[in-house]
Structures are given as C-alpha cells and as structure tokens.
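These numbers come from the heavy atoms of this one structure, side chains and all, not from hydrogens, waters or symmetry mates.
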Amino acid sequence: MDRNGFGGRATGRLVPTIEGRRAFVPDPLPPRQLSIAAFLPELTRATQAVGELKGIGRTVPNPLLLIRPLQRREAVSSSSMEGTYTTLSDLFLLEAGAQEAATRGDTREVLNYVRALEGAIEGLGDLPISTRLIRDAHRRLLTGVARHRGATVQAGELKRDQNWIGGSGRIDTARFIPAPPADTPDAMDALMAFANRQDGASPLIDAALAHYQFEAIHPFGDGNGRVGRMMIALMLIDRGTLPQPLLYMSPYLERHKDRYIDLMYAVSRDGAWEAWIAFFLEAVAESAAETIAVVERLQDLQRDYRDRFQTARRSALMLRIIDLAFEQPVRSITNIAEALGVTYAGAANNVAALVAQGVAEELGTYPKLIRFPGVVEALRVG
C-alpha cells in the first residue's frame, strides 16, 4: 500500500513498514467530528429493533434454548466470511460426537469459534473488555487449527509480523496494510479504553466505531474478522444494551460482505464515518429482525410439538426431550439420558416415539445420533 488516496481526510497516519511500504495506524477514538444527524433515522430504527429483541428475550423461560443455537448460527456465518465453511448440521454433529464430522477441519474450526465466543461472554463476569479477554478468545479460536488456517500464528498473541489485506499474498499489491506490530499494543490499549468508556452517546454507535477500529488495527496474524465480530456482541452485553447474547450480525454481514469491507476502507482513507455507521446500524436493525423471526419460529415449533405430545397418554419425559432438542438438536440417546437424569431405556423408548411421529430422525453415524430436523431448519440463515 502506498498513499493510495490517503490524504487529509484519512482517519489515521501512514507509517513505514516492511519492503518500503506504508502501514495505517488509526487515530484514537472517538472521531473528532461526527454528525449524528446523518444517520439518525438508522439509529432510531436500530435502537427500536434492539429494544424489541430485548423484550422477546425476556419472554423465554430458559434463554439457553435460544442462545446456544443462535451462537452456532453466528459461528457458521462469521467463519464462512473468512473461508471456513461448514453447515449447522455438521456443527451439531461434531458437538454430538460424530466421528465423521470430527475429521473435517473446517467444522472443528467453527466449533472453536463457538467455544471462543462462549468463553469471552463468560469472561465478562470477571474481566472488562480488554486485550487480555480478546487474546483469550483468539487463543480458543485458533487452537489446533490446520496449518494453512493459521497454525503458524501464535494463538492468543498479538501479531509479530506485518500483515496485510488483499494482494494475493504480496504486500506490494495489498489493498490495505494495518498497523505494524510495534504500534499494535498501544493502539489496542487505546481501543480498550474507548470500549470501556461510560459517556458514549449510544452503545450502538460505540460498537460501530470499535468494530471498525479493531479491523483497522488487525491485531492478530489470523482470525481478526471473527474476533472483531465477537467484540460487537461483547460490547452490547457489557453496556447492558442486551442482557442476553441474542444479537449476532454475521449472517447479514456475510450477505453484504463487499459493502461491509468497502465502507470500512472508506473510513480509513476518506473519513467516511457517517456512511459506515449508517450501514452498521442498518445491519443491527436487520439482524435484530432476523433474530426475532428465528426466535418466533423456534417458539412456534416448540409450542406445536408440546401441543402434539402433551396428553395424558404421553410421557412427561417426551416433553423434556423436546425441550432439550431446542438447546442442541443433535444428540445421542446416552447424552439425552444423562442430561435428563433418566435411564437409557426410558430415553430410547421416548425417542423412538418421536422418530415414529417424524419429529426426530436416526442418523447413520457412529455413535448413533438423533437429529431434530425441524429445529435445525428453524435456525436457517436468511
């Protein structure tokens, strides 16, 4: 990257880096001039949508029944944006112990994303949003991945070598060269200070600013996009905007990937904050609406199943198995029995009845697994 149009409107400075190139170090947040009026309609809509999502979250007796599958939906979409592809079904199979799914490197890597996200959210109970918390998430994300997918990168450590975006592996043709390793720790410290400030105009605007800043710094050798998108959820939970982790934006961002990337680049080069924030808020509103639709599909399906099987002749255990399926829709009978504290025979007999009714299906896997296809379908992206 040379100057490439980076002039007086750029939101950072260009500094020398390897091979005679220049890297971009973003200015500390917040921006000096930001016109909220330019994206006020988007802010209003996004705030209302998040409020509706927050409200529907309160109606769920057991939030885990929604949070767990939504996090896995997010993991599949966020990972696919970085060239790691799997399906929700394969991810559920791997979690349930299917040996065939365990041989697929991409699926294992997406499961790492789930573990990293869950660990980071849990970590908020003990830590503020901090470089330590983010490094812990990165360590979980890249532990045990295939060599071509970041195994040469130090998992959990800030980058030691200059990275770049675009250019087919060559820095001289890169579209964007983020902060050099020497500038990264200070840039991250400044970002974390911003993420923890208490006087922001709006948590949604601050999340938009912080997400851009993280991507501009690109603090790790690999995995930056995924960790940067985790940070959105972490900030909204930490600020109390959403007490439960229900909003995940990767499905929307995946569908608009080119625009997403171009608008962040325009912030760096042209100071185009308003256009980026308007897009981010649009993504928040659409993502909240999508999540509400998924929640409603899951709730309708759960009510349908319970209405069908809640009779005097049906075992109460059957209803408990149905509820369990909404938390994790692929399980072994042994897992079901252990989760509910019942005998294997009791679980197997009730599962057989659900299979006979078309609610569940047996898979030809080892070990033998049971899938609830209606739940997986209700989680579909888009």
Side-chain angles (χ1 to χ4, degrees), residues 1 4 11 24 26 39 42 46 49 70-88 91 106-107 109-110 112-114 116-117 137-138 141-142 145 148-150 163-169 173-178 204 207-236 247-270 272-291 293-294 379-382:
M1 185 176 77
N4 279 339
T11 56
F24 180 83
F39 47 80
E42 290 85 357
L70 287 172
Q71 286 175 342
R72 282 138 185 84
R73 182 177 182 261
E74 165 74 5
V76 169
S77 290
S78 187
S79 299
S80 69
M81 293 175 70
E82 312 302 328
T84 303
Y85 301 102
T86 192
T87 64
L88 268 173
L91 180 56
D106 277 11
T107 307
E109 190 171 339
V110 175
N112 276 6
Y113 184 101
V114 173
L117 179 58
H138 185 261
L141 177 67
L142 291 188
V145 304
H148 72 288
R149 289 296 305 156
N163 52 359
W164 58 88
I165 299 170
S168 301
T173 56
R175 183 185 189 191
F176 183 78
I177 304 173
L204 295 177
L209 297 174
H211 179 64
Y212 156 78
Q213 193 83 346
F214 184 93
E215 297 301 332
I217 298 168
H218 239 57
F220 300 111
D222 189 31
N224 292 285
R226 286 164 288 176
V227 177
R229 287 184 286 278
M230 288 182 204
M231 193 170 171
I232 298 171
L234 294 175
M235 285 191 65
L236 296 182
L247 179 66
Y248 298 108
M249 295 166 59
S250 290
Y252 181 89
L253 296 176
E254 183 184 10
R255 295 195 301 272
H256 301 275
K257 183 177 178 180
D258 289 345
R259 187 177 168 209
Y260 168 57
I261 293 171
D262 288 346
L263 284 169
M264 284 194 289
Y265 180 73
V267 172
S268 301
R269 188 188 64 189
D270 304 322
W273 285 110
E274 287 81 5
W276 157 248
I277 294 172
F279 167 79
F280 183 93
L281 294 171
E282 174 188 313
V284 168
E286 292 295 330
S287 298
E290 283 185 12
T291 302
V294 170
L379 287 163
R380 68 185 182 274
V381 176

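In this structure, Arg269 does not pair ionically with Asp262, as no charged nitrogen and carboxylate oxygen lie closer than 4.0 Å. Looking at Arg255 and Glu286, no side-chain N of the basic residue comes within less than 4.0 Å of a carboxylate O on the acidic one, giving no salt bridge.
Distance check, rounded to the nearest 0.5 Å: NE2 of His256 to CD of Glu282 gives 6.5 Å. Within the model, atoms CD of Glu82 and NZ of Lys257 stand 6.0 Å from one another, a figure rounded to the nearest 0.5 Å. With rounding to the nearest 0.5 angstrom, the CZ atom of Phe176 is 12.0 Å from the CD1 atom of Ile261. Distance check, rounded to the nearest 0.5 Å: CZ of Arg259 to CG of Leu253 gives 10.5 Å. Note that OH of Tyr212 and OH of Tyr265 are 11.0 Å apart. Values are rounded to the nearest 0.5 Å. Taking CG of Leu247 as the reference point, atom CG of Leu70 lies at 10.0 Å (rounded to 0.5 Å).
Between Phe24 and His218, the ring centre distance reaches or exceeds 6.0 Å.
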Derivation and outcome, side-chain hydrogen bond (donor to acceptor under 3.5 Å, both in side chains), residues Thr107 and Thr86:
CA-CA 5 Å; Thr107 307; Thr86 192; 2.8 Å; yes
Check against side-chain contact (heavy atoms from CB on, under 4.5 Å), Phe214 and Met230
CA-CA 11 Å; Phe214 184 93; Met230 288 182 204; over 6 Å; no
Test log, rule side-chain contact (heavy atoms from CB on, under 4.5 Å), inputs Leu209 and Phe280:
CA-CA 9 Å; Leu209 297 174; Phe280 183 93; over 6 Å; no
Could you walk me through whether His211 and Met264 pass side-chain contact (heavy atoms from CB on, under 4.5 Å), step by step?
CA-CA 9 Å; His211 179 64; Met264 284 194 289; 4.2 Å; yes
Could you go through Leu117 and Leu141, starting from their C-alpha distance and side-chain angles, then the distance that decides it, and tell me whether this counts as side-chain contact (heavy atoms from CB on, under 4.5 Å)?
CA-CA 9 Å; Leu117 179 58; Leu141 177 67; over 6 Å; no
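Tyr252 and Ser77 share no side-chain donor-acceptor pair at under 3.5 Å.
With sequence neighbours excluded, the residues forming a side-chain hydrogen bond (donor to acceptor under 3.5 Å, both in side chains) with Gln71 are Tyr248, listed by chain and number. Considering only residues two or more places apart in sequence or on other chains, Asn112 meets the side-chain hydrogen bond (donor to acceptor under 3.5 Å, both in side chains) condition with none of them.
When atom types are taken as modelled, the side chain of Ser78 and the backbone of Glu74 share no donor-acceptor pair closer than 3.5 angstrom. Panel note: side chain His138, backbone Asp222; a donor-acceptor pair is recorded below 3.5 Å. Checking side-chain atoms of Thr11 against main-chain N and O of Val267 turns up a donor-acceptor pair under 3.5 Å.
The minimum heavy-atom distance linking Ala208 with Ile277 is given by the pair CB-CG1, 4.3 Å. The shortest heavy-atom contact between Pro251 and Glu290 is CB-OE1, 4.0 Å. Summarising the geometry of Trp164 relative to Ala174, their closest heavy-atom pair is CD1-CB, 3.6 Å, with the distance given to 0.1 Å. Nearest heavy-atom pair, Asp106 versus Thr84, reported as atom, atom and distance to 0.1 Å: O-CG2, 3.6 Å. Of all heavy-atom pairs spanning Ala116 and Ala137, the tightest one is CB-O, 3.3 Å. Between Gly225 and Glu215, the shortest heavy-atom distance links the atoms CA-OE2, 3.6 Å.
Proximity of Val294 to Leu379: side-chain heavy atoms (C-beta onward) are separated by under 4.5 Å at one or more points. Counting heavy atoms from C-beta outward, Glu109 and Tyr113 have side chains that stay 4.5 Å or more apart. Between Asn163 and Asn224, the closest side-chain pair of non-hydrogen atoms falls below 4.5 Å.
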